[in-house]
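Below you'll find the structure, written out as structure tokens, and then a few comments.
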Protein chains: 4
Amino acid sequence: MQTRTTPAGRTGRPRSAAADAAILAATRAALVELGWSRLTLGDVATRAGVAKTTLYRRWAGKNELVVDAVAELFDELRLPDRGSLAADIEGAVLQFAAILSRPEAKSGLMAVVAESTRDAALRERIRASIVDRQKRLVLEGRARAQARGELPPENDPEEAARTVDLIFDVVAGAVVHRTLVSAEPADEEWVRGFTRLLLRGLVDASAQEAQKALEA
Amino acid sequence: MQTRTTPAGRTGRPRSAAADAAILAATRAALVELGWSRLTLGDVATRAGVAKTTLYRRWAGKNELVVDAVAELFDELRLPDRGSLAADIEGAVLQFAAILSRPEAKSGLMAVVAESTRDAALRERIRASIVDRQKRLVLEGRARAQARGELPPENDPEEAARTVDLIFDVVAGAVVHRTLVSAEPADEEWVRGFTRLLLRGLVDASAQEAQKALEA
Amino acid sequence: MQTRTTPAGRTGRPRSAAADAAILAATRAALVELGWSRLTLGDVATRAGVAKTTLYRRWAGKNELVVDAVAELFDELRLPDRGSLAADIEGAVLQFAAILSRPEAKSGLMAVVAESTRDAALRERIRASIVDRQKRLVLEGRARAQARGELPPENDPEEAARTVDLIFDVVAGAVVHRTLVSAEPADEEWVRGFTRLLLRGLVDASAQEAQKALEA
Amino acid sequence: MQTRTTPAGRTGRPRSAAADAAILAATRAALVELGWSRLTLGDVATRAGVAKTTLYRRWAGKNELVVDAVAELFDELRLPDRGSLAADIEGAVLQFAAILSRPEAKSGLMAVVAESTRDAALRERIRASIVDRQKRLVLEGRARAQARGELPPENDPEEAARTVDLIFDVVAGAVVHRTLVSAEPADEEWVRGFTRLLLRGLVDASAQEAQKALEA
DNA sequence: GCATAAGCGAGACGGTACGTCGTGTCTTCCT
DNA sequence: AGGAAGACACGACGTACCGTCTCGCTTATGC
């Protein structure tokens, strides 16, 4: 990821750029086959056709390596304009769910989060590489909804930032929990229900549901 | 947890009941001091004043042991009637957040969830010991809100079950994400904001916020 | 070798006696095949069908292990009575040379001696396991020669001890140097010449030699 | 040592002569501080202010380097005429012992000899750089003794060469064994005893000793 | 005087072995 | 039979050196 590519000095043999990519790809492959806990750095090095030392020269350990390997997965998230806030949310959540359903993300993400509870540097790396990077989606979605008139413009920038964080926690948290803890697919149906809840709230959702049931 | 208390046969020395409790307590202590990844079964055995063999006779491994040790933490969750759905939710979420802020829960919970992505039996154990056990809170809260007339009675039991699951994913997921990933405290202020979003939805919340800002 | 067999405590699984023998034999085999510097403890463990940890539990490292492995070789030295001091010496030196010509001794012995120059404990171990153990041959030979009247009885015990040490240094040193440094075989002819020098001295030997040459 | 100084070709930058000396000195310093087994070529290069590549361009490896570094030590051996064969021997042996007592010689010499048991080229290098170089002392001493009439002139040149080898093995071997294996100083007293044994032989020495003891 | 060619410092590279630690099983003796 | 003690086979850890390589220089010779 960031500035791991050759440090200060200019002399000496430069670091192989290809090695970085090979290592991250090998890490994801190993996550798929073995999962987090059975993944070993020796094995990753072998898969990447690289010496263990090369790997340790660039990453401090398994945690840092996996964060970088997983972070790349989330960079493919896009937010195409689907015409309405609800549709935009559904689209983003589905994409997020699709990534989380991939075994390399499943295995790796929660593991590094768990590790990060005791390692502030790791926590910061996760935040920088993954969390903050993807908050852009929330910001973009809100701006678009405001342009459409679906949401009012924010007046208090601090409050607005808090809301972005809250929404991110709710969305990411719900999808992760659904996918990893409940271990059920976050499919279109579930995403529709979740989006309705997020937009309209529990009271309204319950009322609608009761209404529907009555009609049927 | 479940059927570890002395098996079928009646001959021979019976298993020490005290050992179980000591082992689980030692596990939690080790989680606090060392975190998941540095916790070792040998160390837990030593702390509990027990031989490693005894430990392995009762649990299959680290994962199962930690699930049981952490599950006990969540059994202290209660849902006192605070007079309104909003207040009930706030109370429950705060309690949940308080437990999750304890290092033994933080360290252990996400780690076993991560492990469970590749181990169906472990996933089942987590669901049985932790998730399903605590869904009672959602059920209880809904029943109470319905009695108060804050929520309509459900008509379709299947749809109702789906809603319980959804709410649980949203609540648990949001708190976990806030606490572990964003690494910010789920304090009273945050819980109020979250509860409002949960009850009223994003559109309403945004409108209210805009309104407040205007008035000020 | 000495008291490595199960330490103080009496509880727990006892150390495998077979493992010791297997490890020492494997060490000698590895010395023959690979020599000192390419011998690795991991390889020895594998050859012995033993885990590396077992090996480290019993020996502090390569040096100590090799000392013990080599020491066993010298225990087969015997001093049969061949009727005269000269013949006894020749017999002992030939046996010593035979052992030193075996590759496991060649490779290992000088290496541990070299290491011992910076490790007093190792030096002591060599002295106890090898050197002092074999000084018995010098003592036995002298006693026998005195009984035969070939050597006078010693009067000053301290001086006598010094002489034993000196003879051992000369004999062992000469054979080692001939075998390892000059890299020539210490065969019967060489041993005869050496024994004559040892018994009669340089002046006498030179005179005899000149005499022989004159006669021829 | 020998043909390391710039090879065939004449074009290109010539090898730095200073580097050679710096490397050998650094090697001896490292031998003193670390001993043979902990000496690393990387460290030697650093000490000498030289790149590892430079070192490998000139020596094949640790063994060859150390042989050269140690060989230089022995070149300071001299054989001043002390008036008698006994005095000449004592002088030479004391000088030899003095060199062997220096840690760089102690650590390095036996180690390369040990290595040479499995490496004919190294053995040859040792012989050429060290052993044969110092045999001059024996030759010189004998010639001087013959001139003085202490030893008869040799008649059979082959036999004479064998005797030189034998004496060298006995002298060098005894001093090395005394110094490194017995780990006792080869001081004046010991050298006197050794010289007497070498010149007069065991029988005569024992008789003298018995005689002395009787007188006392 | 400018190309050619080797030497050189720096440091990354693919390897191999290290010595330690954790796992889950086993063996022995003691309740 | 249960249990504490601890040895055991296994396999990963993260580190240290090895000997080689690839850089961007510098320092000679020879056309």
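Per chain, numbering begins at 1; letters A, B, ... match sequence-line order. Bear in mind that the values here come from a model prediction, so they are computed numbers and not experimental data.
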**OP:** Could you tell me whether a side-chain N or O of B/Thr46 sits under 3.5 Å from a main-chain N or O of B/Gly42, the two making a donor and an acceptor?
**Re:** yes
Original post:
Under 3.5 Å, side chain of B/Lys106 to main-chain N/O of B/Gly35, donor-acceptor pair present?
Top reply: no
Original post:
Starting at CZ of D/Arg58 and ending at P of E/dA6, how long is that distance when rounded to a whole Å?
Top reply: 16 Å
Original post:
Roughly, in whole Å, what's the span from CZ in A/Arg47 to P in F/dA12?
Top reply: 12 Å
Original post:
Ion pair present between C/Lys62 and C/Glu115, side-chain N to carboxylate O less than 4.0 angstrom?
Top reply: no
**OP:** Indicate yes or no: does A/Arg123 engage A/Asp119 in a salt bridge with an N to O separation below 4.0 Å.
**Re:** no
**OP:** State, yes or no, whether a side-chain contact exists between D/Tyr56 and D/Leu41 at a heavy-atom distance under 4.5 Å.
**Re:** yes
Subject >> Between E/dA17 (C1') and C/Leu55 (CG): distance, integer Å >> reply: 14 Å
**OP:** Provide, to the nearest angstrom, the distance between the CH2 atom belonging to A/Trp36 and the P atom belonging to F/dA12.
**Re:** 16 Å
Original post:
Roughly how many Å is it from CZ in A/Arg57 to C1' in E/dG11, rounded to a whole number?
Top reply: 8 Å
**OP:** Output yes when a side-chain donor or acceptor of B/Arg118 lies under 3.5 Å from a complementary backbone atom of A/Val32, and no otherwise.
**Re:** yes
**OP:** Measure from CG on B/Leu34 to C1' on E/dC21 and round the result to the nearest Å.
**Re:** 14 Å
N/O to N/O distances under 3.5 Å, protein versus nucleotides 17-23 of chain F:
residue	atom	partner	partner atom	Å
F/dC18	OP1	D/Leu41	N	3.3
F/dC18	OP2	D/Leu41	N	3.2
F/dC18	OP2	D/Gly42	N	3.4
F/dG19	OP2	D/Tyr56	OH	2.5
F/dG19	N7	D/Lys52	NZ	3.1
F/dG19	O6	D/Lys52	NZ	2.9
F/dC21	O2	A/Arg13	NH1	3.1

**OP:** Using the closest heavy atom to pick a nucleotide of DNA chain E for each, name whichever of A/Ala17 or D/Val50 lands nearer the 5' end.
**Re:** D/Val50
Subject >> Matching residue for B/Leu31 among B/Leu109, B/Val44, B/Val66 - test: side-chain contact (heavy atoms from CB on, under 4.5 Å) >> reply: B/Val66
Original post:
Per the side-chain contact (heavy atoms from CB on, under 4.5 Å) rule, which among A/Asn63, A/Val112, A/Asp68 passes with A/Arg125?
Top reply: A/Asp68
Original post:
Over its full length, what angle do the end axes of the helix from E/dG1-F/dC31 to E/dT31-F/dA1 make, each axis taken from five pairs and the result rounded to 10 degrees?
Top reply: 10°
